[in-house]
Amino acid sequence: MHATDPGNPPAPSPAPPAASLITRLRRLSVYFGNQRTAWTLAVTATLVGAVTEPLIPALLQPLLDRGFTQGTLPLWLVPLAILGVFFVRGIAQFVGQYALARIANEGMLTLRQSLFDRVLAAEMGLFSRQSASALSNTVVYEVQTGATLLVQALLGISRDGFTLVALLAYLLYLNWQLTLIVAVVVPGVAWIMKTLSRRLYHLTKSSQQATDELAYVVEENVLAHRMVRLHGAQAGQAGRFATLSQSLRRLAIKSTIASAAMTPLTQLLAAAALSAVICVALWQSRGTVDAKDVTVGGFVSFITAMLMLIAPIRRLADVASPVTRGVAALERGLALLGDTGAETGGQFQADRVRGALELREVTVSFGSDHAPALDRVSLRVAPGEVVALVGPSGAGKTTLVNLLPRFVAPASGDVLVDGHPVGDWELGSLRAQFAMVSQDVVMFNDTIAANVALGQAVDEPRVQACLTAANLAEHVAALPKGMHTVVGHNAAQLSGGQRQRLAIARALYKDAPILILDEATSALDTESERLVQDALQRLMQGRTTLVIAHRLSTIEHADRVVVMERGRIAEQGTHAELLAQGGLYARLQARPAAGETAVQD
C-alpha cells in the first residue's frame with residue numbers, strides 16, 4: 001500500500017481539462033434537477049414576471065398619445081393598469097424566489113449528505129491526501145457557497161433572460177428597423193462574457209487551492225499551539241500565513257478585475273446602440289417614414305423599452321462571475337465523490353470471534369522512496385493472549401496493529417482473524433471485533449453517555465457500569481448533568497487521565513473480543529497512570545490484547561513481549577526471558593527515558 005505522509009499539506013492534483021459550462025452544470029443536475037414541481041413553479045413564475053416587463057413601456061404609449069395629447073383616456077384605467085401590472089409581477093417574483101430557494105436547499109442537503117456519507121465510508125488514503133480543514137471546507141462551506149451562488153445566478157439568468165426576450169419582442173412589434181440596431185449588441189456581450197468567465201473559472205480554482213493551504217496553516221497552528229510557543233516559532237508561522245494570504249489577495253484582486261470589467265464593457269456597447277437608435281429614430285421622424293406611424297407616445301415607449309434592456313443585459317453580464325464561482329465550488333464536492341472510492345470488504349461475518357490473530361510474511365510499504373514499514377513479518381497470537389509490542393520509534397508497531405482492522409492494507413502477505421483473511425471479512429463485522437485505546441483520545445462534542453456508547457444505543461445502567469469499571473464514575477457523578485453532560489470539543493474540559501479512562505469506558509461498553517492498547521498510559525502522571533492501569537486490567541480480562549507500550553508497568557504483565565526493529569521482529573519471549581538474553585529488549589529497558597519518549601510510528 002502506498003500513502004502520503006499525513007503531516008504534509010495535501011498536494012494539488014493535476015487539473016483536468018476544463019469542461020464546458022453546460023457539461024459542468026449537467027453534472028450538478030443529479031442533485032438540483034430532480035424537483036420537477038419546484039422547477040415548474042420557478043419557470044412559470046419567471047415567465048409571468050418577464051411578460052410584465054414590456055407592459056410598463058407599453059402603458060406609456062396610450063398614456064402620452066390618448067391621455068396627454070388627445071385627453072380621451074379614462075382616468076380610472078391608469079391606477080388599475082399600473083397596480084395590476086406590479087401586483088402580478090410581485091406575486092411572480094415571490095413564487096419564483098421561493099421555488100428556487102427550495103431547489104437550492106434541497107439540492108444542497110442531498111449533495112452535502114452524499115459527501116458526508118462518502119467521507120464516512122472513504123478508503124483510508126483520502127485522509128492522507130487531504131487535510132481535515134480541506135475536507136470540512138468542501139463538505140460544509142463550499143457546498144453552501146456554491147449552491148447559493150449558483151441558484152441566485154440561475155434566478156437572475158431566468159428572470160433577466162426572459163425579460164430580455166419579452167422586451168425585444170415588444171421592440172420588434174413597435175419598430176423592427178430600430179430593433180435590429182439593438183440586436184447588434186448581443187454578440188458583443190456574449191463574447192465578453194465567454195472570455196471573462198473562462199478567466200474567472202481558472203482564478204476561482206486557484207483561489208480554492210490557496211484557501212485550502214491557508215486553512216491548513218491555521219489548523220496546524222491551532223493544533224500545535226503549545227509547540228509553536230515553546231519553540232518561539234510565532235514569527236516563522238506568521239510569515240507562512242502572510243505569504244499565503246498575499247497569494248490569496250492577489251488572486252482575489254485578479255478575480256475582481258475580471259468580474260468588474262464585464263459591466264463597463266457591456267454598458268459601453270449598450271450606450272453605442274442607444275445613440276444609434278436615437279439618431280435613426282430622429283431621422284425617421286423627419287419624413288423618411290409616414291408621420292402617422294411615428295408618435296410621441298410610440299417613440300417614448302420604444303426608448304423606455306430599449307433603456308429597460310440595459311439593466312437585464314448588465315445583470316446577465318455580471319452573472320458570469322457567480323455562476324463560475326458556484327460551479328467551481330460545487331465541483332470540489334463532485335470531485336470528492338467521483339475521485340474517492342468507498343472501502344470494500346468481503347462477505348464473511350461472525351458475531352464474536354475467539355480472538356486468534358496471525359500475520360504471514362506481511363510487508364507494508366508507504367512509498368517506493370521509503371523503507372518498508374513492515375518487512376515479511378510473521379506472528380501468531382492465541383485467543384486471550386496478552387502480547388506487548390515494543391521497539392524504537394519507527395519499528396512498525398502501530399503499522400502492525402492497524403493491519404488488523406484494515407486501517408492499513410499489506411503490500412504482500414496475509415493477515416488473518418480467527419483463520420479468515422481480513423480481506424474476506426465484511427468491514428462492519430471485522431471492526432466490531434476490535435476495541436482500541438490510544439494516547440490520542442478522540443471524543444465527540446456530545447454527552448459522556450453518547451461518547452461511551454459510540455456507535456450503539458445508550459443503555460444508561462450499562463454506561464454507568466462501564467464508567468465505574470473505568471474509575472470514572474465518581475467524577476462523572478459530580479458533574480451538573482452527570483453522564484448527560486456535554487464534554488465539548490474533544491473533551492478538552494477533562495484531564496488527560498480522565499479522557500483516557502473515558503476511552504477505556506468506551507472500549508468496555510463495546511465489549512469486543514480483541515483489544516488494542518496503543519501507548520495508552522504514555523503521557524500520564526503517576527496517580528492517573530495507577531487509575532488507568534487498574535481500569536485496563538479489568539478491560540483486558542478474557543480478551544486477546546495487543547499492547548504498544550514502553551513503560552515497564554505495562555509490559556511486565558504481558559504473556560509475551562514481541563520486540564520490533566526496522567519493520568521486523570527482532571526477538572520475542574517473556575519479560576524475564578528477554579532480559580536474560582541481553583539483546584535489544586534488555587538494552588531498551590536499560591534506557592527507559594529513551595523508550596518512554598519514543599513516539600508511535
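Fair warning: this is a prediction, and the values are worked out from it, not measured in the lab.
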Value for CZ (Phe116) from OG1 (Thr138), rounded to nearest 0.5 Å, stands at 13.5 Å
- Task: State whether the side chain of Arg501 and the backbone N or O of Asn471 hold a donor-acceptor pair below 3.5 Å, judged by distance alone.
- Result: yes
Q.
Tell me whether Lys510 contacts the main-chain N or O of Gly455 through its side chain, where contact means a donor paired with an acceptor under 3.5 Å.
A. no
Rounded to the nearest 0.5 angstrom, the CD-CG distance for Gln456 and Asp511 is 9.0 Å
| message | Donor-acceptor pair, distance only, cut-off 3.5 Å: does the side chain of Arg240 make one with the backbone of Val217? | response | no
For Ala512 and Ala435 the tightest heavy-atom approach is CB-N, 3.7 Å
Between Ile103 and Ala38, the two heavy atoms sitting closest are CG1-CB, 3.6 Å
Taking every heavy atom of Leu517 against every heavy atom of Met540, the minimum-distance pair comes out as CD1-SD, 3.9 Å
Is any side-chain heavy atom of Val486 less than 4.5 Å from a side-chain heavy atom of Asn445?
yes
Rounding to 0.5 Å, atoms CG (Asn451) and CZ (Arg506) come to a distance of 5.5 Å
Just by distance, do the side chain of Ser438 and the backbone of Asp518 share a donor-acceptor pair under 3.5 Å? no
- Message: Side chains of Glu358 and Val381, heavy atoms from C-beta outward: is any pair under 4.5 Å?
- Response: no
TODO: May I ask you to check whether Gln349 and His420 show a side-chain donor-acceptor distance below 3.5 Å?
DONE: no
Item to complete: May I ask you to test the Gln500-Val441 pair for a side-chain heavy-atom distance under 4.5 Å?
Response: yes
| message | So that I can tick it off, tell me whether Arg462 and Glu460 are bridged by a salt bridge, with the cut-off set at under 4.0 angstrom between side-chain N and carboxylate O. | response | no
Separation between CD1 (Ile516) and CG (Leu400), nearest 0.5 Å, reads 9.0 Å
Check your understanding: Is a side-chain donor or acceptor of Glu385 paired with a backbone partner of Ala382 at a separation under 3.5 angstrom?
Key -> yes
- Message: With a 4.5 Å cut-off on side-chain heavy atoms, are Asn402 and Met436 touching?
- Response: yes
*asked:* Would you say that Val401 contacts Ile548 through its side chain, given a criterion of any heavy-atom pair below 4.5 Å between the two side chains?
replied: yes
**OP:** Verify, without hydrogens or angle tests, whether Asp559 (side chain) and Val386 (backbone) share a donor-acceptor contact under 3.5 angstrom.
**Re:** yes
Discussion item. Could you check whether any side-chain N or O of Arg560 sits under 3.5 Å from a backbone N or O of Gln572, counting only pairs where one atom can act as donor and the other as acceptor?
Written reply: no
ask   = Do the side chain of Asp418 and the main chain of Ala356 share a donor and acceptor less than 3.5 angstrom apart?
value = yes
Do Arg543 side-chain atoms and Gly384 backbone N/O form a donor-acceptor pair below 3.5 Å? no
Do Tyr509 side-chain atoms and Ile504 backbone N/O form a donor-acceptor pair below 3.5 Å?
no
Does the side chain of Arg431 come within less than 4.5 Å of Leu427's, by heavy atoms?
yes
Exercise for review: Answer yes or no: is there a side-chain heavy-atom contact under 4.5 Å between Leu150 and Val327?
Suggested key: yes
Q) Just checking, any donor-acceptor pair under 3.5 angstrom between side chains of Gln35 and Arg102? A) no
>> Counting C-beta onward and ignoring hydrogens, is there a side-chain heavy-atom pair between Leu359 and Leu403 closer than 4.5 Å?
In response: yes
- [ ] Tell me yes or no: between the side chains of Arg249 and Gln246, is some donor less than 3.5 Å from an acceptor?
- [x] yes
